[in-house]
Colleague: 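Let me give you the structure first, and then I'll get to my questions.
A note on names: the letters A, B, ... follow the listed sequences, proteins ahead of strands, and every chain is numbered from 1.
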There are 2 protein chains.
Amino acid sequence: MALRHAVLAALLEGEHSGYQLAKSFDVGMANFWHALPQQLYAELAKLEADGLVAGREVVQEARPNKRLFTVTDAGLTELRRFACAPSKPSFIRDDLLVKVAAADAVDPAELIAQLEERAAIASGKVELFDKLMHKMRGELDETEYLARGAQVGPYLTCLRGRRFESENREWCTETASVLRARAGVDVQR
Amino acid sequence: MALRHAVLAALLEGEHSGYQLAKSFDVGMANFWHALPQQLYAELAKLEADGLVAGREVVQEARPNKRLFTVTDAGLTELRRFACAPSKPSFIRDDLLVKVAAADAVDPAELIAQLEERAAIASGKVELFDKLMHKMRGELDETEYLARGAQVGPYLTCLRGRRFESENREWCTETASVLRARAGVDVQR
DNA sequence: GGACCATAGTCAAATTTCTGACTAATCTTA
DNA sequence: TAAGATTAGTCAGAAATTTGACTATGGTCC
């Protein structure tokens, strides 16, 4: 029951089509809420049926037509209600962490390779966040933007995403080092 | 299709009952895989049916009887196969982040209160991880343990959990500060 | 002495999420 | 000039996850 609120929050930044939302939920938004395009289209349909968003058809020449959605007053009210409700604790779900938990029983070389691959991906995401945030704040520097800028919400969540990925990269690199050092060395088993 | 691998990884640390696993998945394990007791009991039944874990009945006096599970050779093989398969990218899912994303449209006071509450929870988790890791490594210091200790897998994932929570606490505190500073101040809207 | 917490589970149903395919036009690249 | 990527969606079915019960016994708190 909370993908809807993530969608409402995303639409606060302005009109979006389902397709554009799907992109958002693959980059910025994905850092605290992941969803597939099918889910988003379905959720938008429900939100519209419930009157929380309003869609308008946009006819295009060179592209298929699209529907752009906006949050309605009822949607805003719902979002405010949600903001006051108790939050469920967050959770990560990560295949790679499961593999590391099993590190003592699986092939270290493979694990190291995957950790390094993940570190590289995390690096890429850090850069992506930096670009995104730079674009958001325009000429203002971060302190200025946080103090007086419009729409700090998405900026603050990007900061969180950036930290998460940066830390992820570090941990992956360090963990790979630990495993590499242990490989071939005498260890208590 | 991956709760099973999380369960297998958890059982590598030794025999556990469904009930004990449920506890694990509420603390240490929960930092990279969250699951309710019902799921665990169901998954253990499936794993046993597939021959990946073996259960044995333990009759108790003062407590209800229980079944302790161990990973079988087939289970180990499956875990190794899983470790070599490509990892799906991790995802966070967090109500509170959704609320912060909507920060520009919701009640700041409520959001600040929730951020501070979350910071306190994160603080508690950091301490919990410190205790857990201290217990795991015994007399050895961290560097020693990582180099030569038995079962580094769970220790490494705890390190990740600790970092995550520590960073979470910082971000929550800083974000609350930003929102508090903006409340009442003239802001571009 | 009653209320509640911990141990140790089980069951059914609703909801959410994921997998995989399918349409259809245009724009880009080799 | 053919293949593939991009835009913009839709549909059905399978799998996973959550919600909300319910059974028992023993110990602890007040």
Colleague: Hey, which of these two, A:W33 or B:G18, hits DNA chain C nearer its 5' end, going by closest nucleotide?
Modeller: B:G18
Colleague: What is the separation between atom CG on B:L40 and atom P on C:dG9, rounded to the nearest whole Å?
Modeller: 11 Å
Colleague: Whole-Å distance between D:dT17 P and B:Y41 OH?
Modeller: 18 Å
Colleague: For B:A62 and B:A35, take the nucleotide of DNA chain D holding the closest heavy atom to each; which residue's nucleotide lies nearer the 5' end?
Modeller: B:A35
Colleague: Looking only at side-chain atoms of B:L36, point me to the closest of D:dT7, D:dT19, C:dT17.
Modeller: D:dT19
Colleague: For A:D26 and C:dC18, what is the distance between atoms CG and P respectively, to the nearest whole Å?
Modeller: 12 Å
Colleague: To the nearest angstrom, how far is A:E15 atom CD from D:dA8 atom P?
Modeller: 13 Å
Colleague: Taking NZ, NE, NH1 and NH2 as the nitrogens, is one of them in A:E78 or A:R4 under 4.0 Å from a carboxylate oxygen of the other?
Modeller: no
Colleague: Return the value, rounded to whole Å, for the distance between atom CG of A:N65 and atom C1' of C:dA25.
Modeller: 11 Å
Colleague: Taking only the side-chain nitrogens and oxygens of B:Y19, find out if one of them lies under 4.0 Å from OP1 or OP2 of C:dT7.
Modeller: yes
Colleague: For C:dT7, take OP1 and OP2 only and decide whether either is under 4.0 Å from a side-chain N or O of B:S17.
Modeller: no
Colleague: Compare side-chain N and O positions of A:K23 against OP1 and OP2 of D:dT6 and report whether any pair is under 4.0 Å apart.
Modeller: no
Colleague: Can you tell which of D:dT18, C:dG9, D:dG9 lies closest to the side chain of B:H34?
Modeller: D:dT18
Colleague: Measure distances between side-chain N and O atoms of A:Q38 and base N and O atoms of C:dG20, and say whether any donor-acceptor pair falls under 3.5 Å.
Modeller: yes
Colleague: Calculate, to the nearest 0.5 Å, the distance between atoms CG and NZ belonging to A:L115 and A:K99 respectively.
Modeller: 10.0 Å
Colleague: Applying the 4.5 Å side-chain criterion to the ILVMFWY set and letting contacts propagate, would B:L97 and A:L132 be lumped into a single cluster?
Modeller: no
Colleague: Classify B:Q39 by what it touches in the nucleic acid, base, sugar-phosphate, or nothing, heavy-atom distance under 4.0 Å.
Modeller: base
Colleague: Under 4.0 Å, counting only non-hydrogen atoms across every strand here, what does A:R93 touch: a base, just sugar-phosphate, or nothing?
Modeller: sugar-phosphate
Colleague: Where each residue is assigned the nucleotide of DNA chain C containing its nearest heavy atom, which of B:K88 and B:P37 is assigned the position nearer the 5′ end?
Modeller: B:P37
Colleague: Rounded to the Å, how far apart are A:R56 CZ and D:dA8 P?
Modeller: 13 Å
Colleague: Round to the nearest Å and state the distance from A:E61 atom CD to C:dA25 atom C1'.
Modeller: 13 Å
Colleague: Looking at CZ of A:F129 and CZ of A:R163, how far apart are the two atoms once the value is rounded to the nearest 0.5 Å?
Modeller: 13.0 Å
Colleague: To the nearest Å, give me how far apart CG (A:L44) and P (D:dG9) are.
Modeller: 9 Å
Colleague: With a 4.0 Å cut-off on N to O distance, would you call B:R148 and B:E144 a salt bridge?
Modeller: yes
